[in-house]
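The next block holds one structure in the form of structure tokens; read it before the comments.
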Number of protein chains: 2
Amino acid sequence: MIDLKKICKDRGLRMTDQRNIIADTISEASLEGHPDVNQIYLKAFEKDKNISIATVYRTVKLFEEYGAIEKHDFKDGKARYETVTDIHHDHLIDIDSGEVIEFSNDEIEELQMIMAKKLGYNLVDHRLELYGKKIKK
Amino acid sequence: MIDLKKICKDRGLRMTDQRNIIADTISEASLEGHPDVNQIYLKAFEKDKNISIATVYRTVKLFEEYGAIEKHDFKDGKARYETVTDIHHDHLIDIDSGEVIEFSNDEIEELQMIMAKKLGYNLVDHRLELYGKKIKK
DNA sequence: TTACTTGCAAATGCTTTGCGAGCCG
DNA sequence: CGGCTCGCAAAGCATTTGCAAGTAA
């Protein structure tokens, strides 16, 4: 499990009880997928009845600013989070189940950069999402 | 200008006054960019004071269902629309000005499809957005 | 003390919807 | 008549924020 708590603490974020619990919750939930705020809130709430959803919103925003988690807006309307990983990756979303699969493809990355340059831009960020249906065998 | 009105009519959508005006507004606005619902509403309202924003929402949804316009959710929180074009393209968004530049790259398209297949999926849809800063000369 | 953090409820911004009235075939 | 369509206001949903109380340094 990625030590989200350590990253935040090392970067100077004051770690309160709520923040520690929320950090743990995200770390755990990240193992299974890309949780949204409500999912994080519900699991954190199980651990500590004193956590409010407002705090979860404030906290994920902080964690994101501190570079400890990443926010994604897939086409389902709500923000989803995951812990940062050392290697960059993109996402394939199963349109039937909502399951998210991570992948990376250097060739595509490279082509994106070249494309941006060709248009007169330096690539700052990008978003690549594939939406697919599972091939039955 | 793309005949959005004709597409809808030909496909069996009853074209009321409001729908015609909204269609014209989108066609015109599409020449300059990717308007959001409020921009469409304001311009349509100038032409006919009787148009409500609820109708604009209902209408863009209809146009989208009828395959006459496309919806995009860039990272600015609100849905933006553009008329459909025969050739597929992706978007580069200028993070300073918000300007949207269209581009297409067959090589990237191809690689996306291969990637999806490799993961066991048929590609149904995708989203590729580049966010960049203009290179100063 | 002084600055940060929190829970609660209210407010926000975008979008959808219920309803009664109007329109068209 | 019967089914769409409309404007309006109210509701929905995810997210943000003001405020007063609580906490930590």
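Below, read A as the first sequence line, B as the second, and so on, with proteins coming before strands; counting in each chain starts at 1.
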Does OP1 or OP2 of [N] have a side-chain N or O of [X] closer than 4.0 Å?
X	N	result
Thr16(B)	dC6(D)	yes
Arg19(A)	dT5(C)	yes
Tyr57(A)	dT15(D)	yes
Lys61(B)	dT16(C)	yes

Is Arg127(A) paired with Asp90(A) through a side-chain N to carboxylate O contact shorter than 4.0 Å? no
Send over the distance from [X] [atom1] to [N] [atom2], rounded to a whole Å.
X	N	atom1	atom2	result
Ile22(B)	dT5(D)	CD1	P	12 Å
Gln18(B)	dC4(D)	CD	P	17 Å
Ile53(A)	dT12(C)	CD1	P	20 Å
Leu13(A)	dA3(C)	CG	P	19 Å
Tyr66(A)	dC4(C)	OH	P	10 Å
Lys78(A)	dC14(C)	NZ	C1'	16 Å
Asn38(B)	dG13(C)	CG	P	12 Å
Met15(A)	dT6(C)	CE	P	10 Å

Can a donor-acceptor pair be found between the side chains of Ser52(A) and Thr55(A) at a distance below 3.5 Å? yes
With sugar-phosphate meaning primed atoms plus P, OP1 and OP2, does Ile51(B) contact a base, only sugar-phosphate, or nothing at under 4.0 Å between heavy atoms? sugar-phosphate
With ring centroids as reference points, do Tyr131(A) and His126(B) lie under 6.0 angstrom apart? no
Residue that, paired with His34(B), satisfies side-chain hydrogen bond (donor to acceptor under 3.5 Å, both in side chains) out of His72(B), Glu99(B), Lys71(B), Glu82(B): Glu82(B)
Would you mind telling me which residue lines up with the more 5' stretch of DNA chain D, Gly77(A) or Thr59(B), judged by nearest nucleotide? Thr59(B)
If you pin Ala79(B) and Arg58(A) to their nearest nucleotides in DNA chain C, which one's is more 5'? Arg58(A)
Nearest nucleotide by nearest heavy atom, which residue falls closer to the 5' end of DNA chain C, Lys71(B) or Arg14(B)? Lys71(B)
Side chains of Leu130(B) and Met113(A), heavy atoms from C-beta outward: is any pair under 4.5 Å? no
